[in-house]
Amino acid sequence: MEKASNLDSKMYVLDTNVLLHEPLAYLSFQEHDVVIPMTVLEELDHIKDRKHDVSRDARVAIRGLDEVLKDATPEQMLKGVALPSNKKAKASSAGTLIIVNDHLFADSISGLPGNENDHRIINCAVHLQKQHAHVKVVLVTKDINMRLKAKGAGLKYVEDYRTDQLIDDIALLSSGYQKITGDFWQHVGECETQQHGRDTFHKVAKSLIPGVFCNEYLFDDNGHFAARVKSYDDQHIMLKDIGVERLMHQSAWGVKPKNIYQGMALDALLDPNIELVILTGPAGCGKTLLALASALEMIIEKGIYDKVIVTRNTPEIAESIGFLPGTEEEKMAPWLAAITDTLEVLHKGDENPISSRNYIMEKANVQFKSVNFMRGRSIQNAVVILDESQNLTASQLKTIITRCGEGTKLICSGNLAQIDSNYLTPVTSGLTYIVERFKDFEGSATVNLNGVVRSRLASFAEENL
């Protein structure tokens, strides 16, 4: 490889987990050089034949690399093959893809023992840093511990892969609502009011509430005004007047909101025109209860949908559910115990809660499905509840959202403080990604259920532990 002399040029060394997170990640580095160590190719080769969902991503990455390198000679691969232009990138020139045989480098370069793949990749990056003194060599990995070890081994630049990260701090994540200080009507001034059937709409100046998005909720300190953003342009915002009293008097399958946040969530959940509802918040704030109660209300009482499909991401250790006995629903039952628990809570006043739960599951056609088996399906006229979605990547959530056909409502719920995935953080979680991506989609709404209502004990634990 020839040494570059441009101080602004960068050379990115990719770890295996970056390609598993996003198989075509090497197209996201604009005009810079991308290095794939031979160890990464070996790891992809070992992973591609496993019976895990991640094996598909490994195969996609391998096929993508082959597409770029298929006509290259060994010499060209070492020197760098021009990458195809990425439509998302705004670079004036394309970078190159370089395959490096890191097995040829001495282990003593980084000082780390060479029998671990992570150490070989770090060793490769340190070697390139010494070989290309005028180039910024950056190791890109999702593994936090690997980033720490790389810095300890003398690597100057180590980064997480953040191309799909839309915010820098979880505190910046949209809550789905804005609280107006004081009395809302004292801030408004002139306002045009329209009546459409039973609904009242107010047309106010956009300067009054900057940064709004579709279906964002507004309420004030006065405790009476509440509205939802119906539409907006450069000058005005059209608000649907809901009113706090009306929000708090909603009911779904006998469940009434305990605070304004649950009221806003119920409003979005019971509106068939909102096809995607994203519920975030701490454990015990009522996400699963509200989602399931709304689904039963819309299916059994209102007849809007035909069935409920409940799914969640199973932990890595249980991606294959085949070892459990029974049907797919029976195999998924241990991971979806929160749903059956919630059904029992909804019918605890019945003479026989277990019988009531089983009867309602049959009448509402409640189905338990594995996320890994959702690919390729087209789901029609159903309410899909995706529980624990904070553990999914953006690509996994895309797989599920694109399964939803005509007349289907998707409810994604999750707690960003309880991420179990090895490589996801609150800012890189797929749940965070869709909250930001769907903000301006008129068919979606987000509500952060602020406040624990499960019990006094749970509320104290959330605040103090």
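Being a predicted model, the structure only gives us computed values, none of them experimental. If you read the sequence from its start, that first residue is 1, and numbering goes on from there.
Judged by distance alone, with hydrogens and angles left aside, the side-chain atoms of Y217 form a donor-acceptor pair with the main-chain N or O of A268 at under 3.5 Å. At distances below 3.5 Å, not a single donor-acceptor pair connects side-chain atoms of D15 with backbone N or O atoms of I121. The closest donor-acceptor contact from the side chain of Q262 to the backbone of K258 lies under 3.5 Å. A donor-acceptor pair is defined here as one N or O able to donate and one able to accept, closer than 3.5 Å; such a pair exists between the side chain of N123 and the backbone of A106. Within the 3.5 Å criterion, the main-chain N or O of E42 finds a donor-acceptor partner in the side chain of H46. The main-chain N or O of V137 is never found under 3.5 Å from a side-chain atom of K10 such that the two would form a donor-acceptor pair. Checking side-chain atoms of T428 against main-chain N and O of T425 turns up a donor-acceptor pair under 3.5 Å. Distance alone, capped at 3.5 Å, is enough to place a donor-acceptor pair between the N215 side chain and the S444 backbone. The main-chain N or O of G111 is never found under 3.5 Å from a side-chain atom of S108 such that the two would form a donor-acceptor pair. Listed for the T96 side chain is no donor-acceptor partner under 3.5 Å among the backbone atoms of V81.
In this model, a donor atom of one side chain and an acceptor atom of the other lie less than 3.5 Å apart for E216 and Q178. A donor atom on one side chain and an acceptor atom on the other are found under 3.5 Å apart for Q380 and S378. Defined by atom type and a distance below 3.5 Å, a donor-acceptor pair is present between the side-chain atoms of N17 and T141. For the 3.5 Å distance criterion, the side chains of N448 and S175 fail to qualify, holding no donor opposite an acceptor. A donor and an acceptor atom, one from each side chain of T39 and N117, are nowhere located under 3.5 Å apart. Side-chain atoms of K136 and H32 form no donor-acceptor pair, as typed in the model, at a separation below 3.5 Å. Q129 and Q131 form no side-chain donor-acceptor contact under 3.5 Å, judged by distance and modelled atom types alone.
Around the NZ atom of K206, the shell of radius 6.0 Å holds more than 12 heavy atoms that belong to other residues, nucleotides or ligands. Open room surrounds CD on E442; 12 or fewer heavy atoms of other groups in view lie less than 6.0 Å from it. Applying the 6.0 Å contact sphere to CG of L148 captures more than 12 heavy atoms from other residues, nucleotides or ligands.
Nearest heavy-atom pair across C285 and K287 is SG-CG, 3.4 Å. A pairwise comparison of heavy atoms in Y305 and A382 identifies CD2-O, 3.9 Å as the closest pair. When all heavy atoms of D71 and Q76 are compared, the pair lying nearest together is O-OE1, 4.0 Å. Smallest separation of non-hydrogen atoms from N381 and T408: N-OG1, 3.3 Å. Closest of all the heavy-atom pairs between L266 and S294 is CD2-OG, 3.3 Å. Q390 approaches S413 most closely through the heavy-atom pair OE1-O, 4.4 Å.
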* Asked: After noting the C-alpha distance and the side-chain angles of I419 and N391, does the key distance pass the side-chain contact (heavy atoms from CB on, under 4.5 Å) rule?
  -> CA-CA 6 Å; I419 294 178; N391 289 315; 3.8 Å; yes
* Could you walk me through whether V13 and V140 pass the side-chain contact (heavy atoms from CB on, under 4.5 Å) check? -> CA-CA 6 Å; V13 181; V140 184; over 6 Å; no
* To do: Decide ring pair (Phe, Tyr, Trp, His ring centres under 6.0 Å) for Y261 and Y177; before the verdict, give the C-alpha distance in whole Å, the side-chain angles of both, and the deciding distance to 0.1 Å.
  => CA-CA 9 Å; Y261 311 107; Y177 52 80; 5.3 Å; yes
* Do V158 and V138 pass the side-chain contact (heavy atoms from CB on, under 4.5 Å) test, and can you show the C-alpha distance, the side-chain angles, and the key distance before you say yes or no? -> CA-CA 5 Å; V158 186; V138 184; over 6 Å; no
* Go through the steps to decide whether F29 and L83 satisfy the test side-chain contact (heavy atoms from CB on, under 4.5 Å), and finish with yes or no. => CA-CA 10 Å; F29 294 92; L83 284 165; over 6 Å; no
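Looking only at side-chain heavy atoms (C-beta outward), T280 and N415 stay at 4.5 Å or farther from each other. In this structure, S28 and Y161 have side chains that are in contact, with non-hydrogen atoms separated by less than 4.5 Å. Side-chain contact between T181 and D220 is absent, with no heavy-atom pair separated by less than 4.5 Å. Using a 4.5 Å cut-off on side-chain heavy atoms (C-beta onward), T446 and K439 make no contact. Two residues are said to be in side-chain contact when any heavy atoms from C-beta on lie closer than 4.5 Å; L279 and T288 fail this criterion. Counting heavy atoms from C-beta on, the side chains of D143 and D118 come closer than 4.5 Å. Between L416 and L431, some side-chain heavy-atom pair lies under the 4.5 Å cut-off. Between K409 and V277 the shortest side-chain heavy-atom distance falls below 4.5 Å.
Here SG of C214 is found 9.5 Å from NZ of K230. Values are rounded to the nearest 0.5 Å. Residue L97 holds its CG atom at 15.0 Å from OH of Y12, rounded to the nearest 0.5 Å. Taken to the nearest 0.5 Å, the CG atom of L386 stands 6.0 Å off from the OG1 atom of T311. Of the inter-residue distances, the one linking F219 atom CZ with L247 atom CG reads 10.0 Å to the nearest 0.5 angstrom. Interatomic distance, NE2 of H236 versus OG of S231, reported as 11.5 Å (0.5 Å rounding). Atom CD1 of I122 sits about 13.0 Å away from atom CD1 of I109, to the nearest 0.5 Å.
A salt bridge between R228 and D271 is present, with a side-chain N of the basic residue lying under 4.0 Å from a carboxylate O of the acidic one. Ion pairing between a basic and an acidic side chain is recognised when a charged N comes within 4.0 Å of a carboxylate O; D160 and R147 show such pairing.
Each of D102, L19, L14 was evaluated against V40; a single residue qualifies, L19, per the side chain to side chain contact (heavy atoms under 4.5 Å, CB included) test.
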